Structure formats: C-alpha cells, structure tokens
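Shown next, in structure tokens, is the structure this report addresses.
Since we're looking at a predicted model, the values are computed, not measured.
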Amino acid sequence: MNMIFLGPPGAGKGTQAVQICEALNIPQISTGDILRNAIKNGTETGMKAKSYMDAGQLVPDEILVAIIRERLAQDDCANGYILDGFPRTIPQAEALEGIADIDLVLELNVSDEVLINRLSGRRVCPACGATYHVNMLNGSTKCEKCGAELIQRKDDAPETVLNRLKVYHDQTQPLIAFYEARGKLKKFDGAKDQQEVYAEIMEAIGTNA
Ligand code: AMP
C-alpha cells in the first residue's frame, strides 16, 4: 500500500512511520532525512536546500519532486511505502499524481500549543537518529541507545518552530482538502498516546488493505 503521512512538524509522523514501516516491511521515505543527509554529504541538492531548512522555510518544489521521483523508482518501493514529509504543497501533490498511485493519506492532527512544546524540547542523536524530549532525559545529554551527545536540530529553535508552523498552516494544510476530495484521507488525533494512535492507524490500514 502506498501511503502519505500528513500533519504539522512535531505531530509524530516520523515516530509512527518508523513503527508502521517496520510492521509492514515497507520503506519510510522522509524527505527531511533525505535532505539532511544531502547536507551532511555536501551534495549539490544539500547545498541548495540548507538555507531554506535552517530558516524553517520549504525547499523549492522542483528539488523535492526530483528527489521523490528518483526514490520511488527504487526496487524497495515495489510493495508500498510511507511518505513522511512529502508532499507539503499543492504543486508537490499534483506532481505526485503523475508519479505514483497513493492509496491512503493519514492525517495526524495536533494543536499548535502541543507542537511548540514538543518541538522546542526535542533532542536528536546525530549518530543513530534516535529522538527524545528533554522531559524524558532527566538532565542527561547523551543518547540512551548509542551514547553520543544529543543535539537540538537548528530548525527546532523556538523562533524557527513558529515559522515552520506558519508555513504548515499556509502551504501544507490545504492538502487536507485536496486528499479529502479524492476520498483518500483518514484523520487521527496526534495528541493521544503514541501507542493508541499506532493501533488506530494499523486498524485503518487493515480495513483499507
Ligand atoms: P522535516 O524533517 O520533515 O520536518 O523537514 C525538515 C525541513 O526539510 C523542512 O522544514 C523543509 O525545509 C525541508 N523539507 C522536507 N520535506 C520537504 C518538502 N516536501 N517540501 C519542501 N521542503 C521540505
């Protein structure tokens, strides 16, 4: 099944996508991760994307559409996938219609207040990618999985978080109506407990399979 995760930054898309992809044995395709890797590796795409990302702005559509076109052509996508963080604009969604058949769009809805708290308290491991909230760390600054020093993503800084939420409301939220009109949207309350949301999503996937 080909699926999209839609929702504001910090709604839990990444966390849910990892778990669901593991259960279904399909790839999670996070455009944010692809772009962060491109920056780390100093590629041309990475160099073009960096200033937009640091400011919490969207990277231009043509760059993202090229990334997704290439990624979805790979063999591991043959049995389905979850897109996490793409599409984020109507032009991206329109371009995607010419590239792939999407079966289901999962929307995670969370209030701005909860998101601001989640994102500004988020810490990530630069070595293994694990994600934490400062409230879970009891003052520790090290990754519980691999021991590396945790960092705050540049775009999780408080002023950038507000900007990302504005960008979400202005440019990405219209996708909800776009996919609703196509009868593909299922909504979930992302403020609920993570495992509860996971169970609800798995049930929705099961009834759509
Ligand atoms: P994320 O990890 O999904 O929050 O993405 C981090 C940043 O990568 C975003 O704030 C954007 O700057 C950029 N990005 C990721 N996916 C997209 C996309 N589909 N369109 C435009 N920019 C994107």
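Residues P27 and G80 approach most closely at CD-O, 3.2 Å, considering heavy atoms. The minimum heavy-atom distance linking K50 with I39 is given by the pair CA-CD1, 3.7 Å. Of all heavy-atom pairs spanning P126 and E149, the tightest one is CD-O, 3.2 Å. Of all heavy-atom pairs spanning P174 and H169, the tightest one is CD-O, 4.0 Å. Looking at every heavy atom in both residues, A49 comes nearest to L35 through CB-CD2, 3.8 Å. For the pair P87 and A93, the tightest heavy-atom approach, listed with the atom from each and the gap, is CB-N, 3.6 Å.
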* List the steps and the verdict of side chain to side chain contact (heavy atoms under 4.5 Å, CB included) for I20 and Q28. => CA-CA 9 Å; I20 293 160; Q28 172 212 8; over 6 Å; no
* side chain to side chain contact (heavy atoms under 4.5 Å, CB included) evaluation trace for E144 with M136 -> CA-CA 11 Å; E144 285 170 9; M136 305 154 48; 5.8 Å; no
* To do: Determine, stepwise, if the pair D189 / E196 fulfils side chain to side chain contact (heavy atoms under 4.5 Å, CB included).
  => CA-CA 10 Å; D189 178 358; E196 204 176 325; over 6 Å; no
* To do: Give the intermediate values and the outcome of side chain to side chain contact (heavy atoms under 4.5 Å, CB included) for residues I29 and I68.
  => CA-CA 9 Å; I29 301 173; I68 283 295; 4.1 Å; yes
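When hydrophobic clusters are built by joining Ile, Leu, Val, Met, Phe, Trp and Tyr residues whose side-chain heavy atoms come closer than 4.5 Å, directly or via intermediates, V197 is grouped together with L24. Linking ILVMFWY residues whenever their side-chain heavy atoms come closer than 4.5 Å, directly or via other members, places Y198 and L104 in the same cluster. Using a 4.5 Å cut-off between side-chain heavy atoms of Ile, Leu, Val, Met, Phe, Trp and Tyr, with links allowed through other members, F86 and I176 fall into the same hydrophobic cluster. L83 and M1 fall into different hydrophobic clusters, defined by Ile, Leu, Val, Met, Phe, Trp and Tyr side-chain heavy atoms under 4.5 Å apart, directly or through other members. In this structure, I82 is not a member of the same hydrophobic cluster as L175, with clusters built from ILVMFWY side-chain heavy atoms closer than 4.5 Å.
Screening R118, R122, R123 for a side chain to side chain donor-acceptor pair (under 3.5 Å) involving D156 leaves a single residue, R122. Just one of L64, L96, I99 meets the side chain to side chain contact (heavy atoms under 4.5 Å, CB included) condition when paired with R69; it is I99.
Not a single donor-acceptor pair under 3.5 Å links the side chain of K145 to the backbone N or O of C128. Between the N41 side chain and the T43 main chain, no donor and acceptor come within less than 3.5 Å of each other. T31 places a side-chain N or O within 3.5 Å of a backbone atom of G85 that can act as its donor or acceptor partner. Within the 3.5 Å criterion, the main-chain N or O of D155 finds no donor-acceptor partner in the side chain of T160. Between the side chain of N2 and the backbone N or O of D103, no donor-acceptor pair lies under 3.5 Å. A side-chain donor-acceptor contact under 3.5 Å links Q152 to the backbone of S120.
Rounding to the nearest 0.5 Å places CD1 of I201 at 5.5 Å from CG of L106. To the nearest 0.5 Å, atom CD1 of residue I26 and atom SG of residue C21 are 4.5 Å apart. Between the CZ atom of F188 and the CG atom of L108 there is a distance of 7.5 Å, given to the nearest 0.5 Å. Taking CD1 of I90 as the start and CD of Q171 as the end, the distance is 10.5 Å to the nearest 0.5 Å. Once rounded to the nearest 0.5 Å, the distance linking CZ of R36 with CE of M53 reads 5.0 Å.
No side-chain heavy atom of T141 sits less than 4.5 Å from a side-chain heavy atom of L150.
Atom CG of N25 has 12 or fewer neighbouring heavy atoms from other residues, nucleotides or ligands inside a 6.0 Å radius. When the shell of 6.0 Å around CG of D101 is examined, it contains 12 or fewer heavy atoms from other residues, nucleotides or ligands. A 6.0 Å sphere centred on CG of D54 holds more than 12 heavy atoms belonging to other residues, nucleotides or ligands. More than 12 heavy atoms of other residues, nucleotides or ligands shown are found within 6.0 angstrom of CD on Q195. The 12-atom threshold is not exceeded at OH of Y52, counting heavy atoms of other residues, nucleotides or ligands nearer than 6.0 Å.
Ion pairing of E107 with K186 is absent here, as no side-chain N (NZ or NE/NH1/NH2) approaches a carboxylate O to less than 4.0 Å. Here E97 pairs with R182 in a salt bridge; the nearest charged N to carboxylate O distance falls below 4.0 Å.
Hydrophobic side-chain contacts under 4.5 Å tie L165 into a cluster, directly or through other members, with V110, V114, L115, I116, L119, V161, L162. Side-chain contacts under 4.5 Å among hydrophobic residues (ILVMFWY), followed directly or transitively, place V167 together with L58.
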Listing, residues 3-18 side-chain donor-acceptor contacts under 3.5 Å, not counting sequence neighbours, or none:
| unit_1 | atom_1 | unit_2 | atom_2 | d |
| --- | --- | --- | --- | --- |
| K13 | NZ | G7 | O | 3.0 |
| K13 | NZ | P8 | O | 3.2 |
| Q16 | NE2 | Q194 | O | 2.9 |

